[in-house]
Amino acid sequence: NFIRPEAVKLMQDEADRLMHLARQADGQINPYLTPDDPTLPERHPKRFFEPRTSSFINANLLEDQSLLRKIYDCDVVIKFLADCLEQGPIFRWADPLARNPYSVMKDGDYFPWHFDGNEFTVSVSVEQPEEGGIFEYAPNLRSVEDENLEGVERVLKGGKEGVFELEWKPGYLQLFKGRYALHRVQEVKNGNWITALPTYMTDPDTVNRPEHSKQFYGRALPIHYERESNRPDTLTD
């Protein structure tokens with residue numbers, strides 16, 4: 001109940017109005033959102049591909065009076081998040097497509113295992129299906145110092161050690177370090193799964209890599225190419 005029911009309804013209504021603009025994914029992705037590399041062994045995590053059918057309502061499509069936009073731009077929220085994370089300062093993400101989108105999954109959609117391109121994400125549940133849509137995550141599976149390919153491979157093969165499921169209902173708030181936690185959303189059944197993703201960074205200039213942006217948000221903008229070498233770390237993605 002971090003977001004009050006009447007506010008959740010406003011966000012749900014906005015997502016419904018913009019739903020026709022959401023790009024339906026129809027490709028295969030690996031956990032790092034990189035192209036296949038045939039020089040690597042077949043069992044390598046970079047060669048583990050699954051079909052993604054989820055969608056995003058990109059941040060640049062939000063309405064002028066969007067409540068999600070207002071929450072995202074609120075300085076009080078940024079201060080609150082920095083205090084919760086015991087980390088700061090934090091900044092609004094410079095990525096124009098990914099800074100505060102809605103993630104959308106409909107009946108039959110699946111969001112495969114992956115790492116995020118940003119350090120941490122604030123997730124707010126807007127709508128949940130009757131079945132499925134379970135959020136699974138393996139926190140701190142990798143670090144800036146260690147990709148932990150063995151641990152990633154173990155989860156991809158179905159290992160449940162260190163993997164958790166999140167109780168996720170409309171109005172709930174989650175603070176999530178998705179750059180270091182492998183995570184996925186199980187297949188949605190009987191309804192929609194809509195989550196708002198206001199996203200912040202410790203580096204005010206970093207954006208998604210072009211390939212990551214194309215895979216998730218349908219296109220890459222000049223800013224993605226201009227800042228491709230500006231990375232927060234040396235991790236694969």
Side-chain angles (χ1 to χ4, degrees), residues 28-50 52 78 80-95 97-99 103 111-123 135-166 173-185 197-217 220 223-237:
Q28 305 260 340
I29 66 168
N30 67 13
Y32 310 96
L33 284 89
T34 55
D36 188 24
D37 185 352
T39 65
L40 296 173
E42 288 189 12
R43 58 180 289 182
H44 194 286
K46 286 182 69 174
R47 303 203 68 189
F48 182 90
F49 285 83
E50 293 184 283
R52 180 177 77 89
I78 293 180
F80 166 74
L81 297 174
D83 288 347
C84 288
L85 293 163
E86 297 183 343
Q87 188 170 349
I90 62 174
F91 304 91
R92 298 175 185 91
W93 201 7
D95 195 305
L97 304 181
R99 61 200 325 255
S103 180
F111 204 142
W113 290 109
H114 66 283
F115 292 103
D116 290 342
N118 51 288
E119 292 156 298
F120 45 82
T121 296
V122 182
S123 303
F135 184 85
E136 286 187 283
Y137 63 105
N140 300 312
L141 188 62
R142 69 174 181 176
S143 67
V144 173
E145 296 79 22
D146 182 13
E147 288 277 7
N148 189 16
L149 296 176
E150 183 177 331
V152 174
E153 182 184 355
R154 183 179 66 251
V155 174
L156 296 178
K157 287 186 173 181
K160 294 299 183 181
E161 181 181 353
V163 177
F164 301 87
E165 294 184 355
L166 180 74
L173 172 79
Q174 177 193 200
L175 305 182
F176 179 60
K177 292 189 176 182
R179 184 140 186 81
Y180 313 111
L182 192 66
H183 54 287
R184 71 171 177 175
V185 182
L197 300 173
T199 302
Y200 303 87
M201 295 284 279
T202 56
D203 178 355
D205 297 318
T206 299
V207 297
N208 272 323
R209 291 187 185 274
E211 183 65 24
H212 191 132
S213 185
K214 286 187 286 186
Q215 290 279 0
F216 270 17
Y217 304 101
I223 191 173
H224 296 110
Y225 293 97
E226 292 164 3
R227 301 187 184 182
E228 183 173 9
S229 61
N230 182 16
R231 310 307 305 159
D233 48 53
T234 58
L235 291 171
T236 297
D237 54 338

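FYI, side chains are in, hydrogens and waters are out, and symmetry mates aren't considered; it's all heavy atoms of this structure. Here the structure is a predicted model, which is why all the values come from computation and not from measurement.
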> Does the distance from a Lys or Arg side-chain N to an Asp or Glu carboxylate O, for Glu153 and Lys157, drop under 4.0 Å?
Replying inline: yes
> Looking at Arg47 and Glu42, does any basic side-chain N land under 4.0 Å from a carboxylate oxygen?
Replying inline: no
Looking only at heavy atoms, which two atoms of [X] and [Y] are closest? And how far apart?
X	Y	value
Met201	Asn118	SD-CB, 3.4 Å
Pro35	Phe49	C-CZ, 4.0 Å
Arg142	Asn148	CA-CB, 4.4 Å
Val163	Ala138	CG2-CB, 4.2 Å
Ala94	Pro204	CB-O, 3.4 Å
Leu235	Ser143	CD2-O, 3.2 Å

Are the side chains of [X] and [Y] in touch, meaning some heavy atoms are under 4.5 Å apart?
X	Y	result
Asn30	Pro45	no
Pro139	Phe164	yes
Glu136	Lys160	yes
Gln215	Ile29	yes
Phe91	Thr202	no
Ser123	Leu173	no

>> I'd like to know whether Phe176 forms a ring-ring contact (aromatic ring centres under 6.0 Å, His included) with Phe135, so could you lay out the CA-CA distance, the side-chain angles of the two residues, the decisive distance to 0.1 Å, and finally the verdict.
In response: CA-CA 12 Å; Phe176 179 60; Phe135 184 85; 5.3 Å; yes
Is it true that a side-chain atom of [X] and a backbone atom of [Y] form a donor plus acceptor pair closer than 3.5 Å?
X	Y	value
His183	His114	yes
Arg154	Gly159	no
Arg227	Asp205	yes

>> Taking ring pair (Phe, Tyr, Trp, His ring centres under 6.0 Å) as the definition, give me every residue that meets it alongside Phe115, ordered by chain and number, with sequence neighbours left out.
In response: Tyr32
>> Could you walk me through whether Leu182 and Tyr137 satisfy the side-chain contact (heavy atoms from CB on, under 4.5 Å) test, starting with their C-alpha distance in whole Å, then the side-chain angles of each, then the deciding distance to 0.1 Å, before giving a yes or no?
In response: CA-CA 6 Å; Leu182 192 66; Tyr137 63 105; over 6 Å; no
>> So, using side chain to side chain contact (heavy atoms under 4.5 Å, CB included) as the criterion, who are the partners of Glu50 when residues are at least two apart?
In response: Phe48, Tyr110, Pro112, Trp113
> Who passes salt bridge (charged side-chain N to carboxylate O under 4.0 Å, His left out) against Glu119, sequence neighbours left out?
Replying inline: none
> Taking atom types as modelled and ignoring hydrogens, do the side chains of Thr34 and Glu211 form a donor-acceptor contact shorter than 3.5 angstrom?
Replying inline: no
> Regarding His44 and Asp37, is there a side-chain donor-to-acceptor distance under 3.5 Å anywhere?
Replying inline: no
> In Å and rounded to the nearest 0.5 Å, what is the CG to CG distance from Leu33 to Asp116?
Replying inline: 9.0 Å
>> Can you tell me how far apart CD (Glu150) and CG (Asp146) are? Round to the nearest 0.5 Å.
In response: 10.0 Å
> Hey, does the Lys NZ or Arg CZ of Arg52 hover above the aromatic six-ring of Phe111, less than 6.0 Å from the centre and inside 45° of the axis?
Replying inline: yes
> Which of these, Ile223, Leu97, Asp95, sits in a side chain to side chain contact (heavy atoms under 4.5 Å, CB included) with Asn208?
Replying inline: Asp95
> Which of these passes side chain to side chain contact (heavy atoms under 4.5 Å, CB included) with Phe120: Leu175, Leu81, Leu85?
Replying inline: Leu85
> Could you go step by step and tell me if Lys46 and Glu147 meet the salt bridge (charged side-chain N to carboxylate O under 4.0 Å, His left out) rule?
Replying inline: CA-CA 11 Å; Lys46 286 182 69 174; Glu147 288 277 7; over 6 Å; no
> How far apart are the C-alpha atoms of Val122 and Gln174, what are their side-chain angles, what is the distance that settles it, and do they pass the side-chain contact (heavy atoms from CB on, under 4.5 Å) test?
Replying inline: CA-CA 6 Å; Val122 182; Gln174 177 193 200; over 6 Å; no
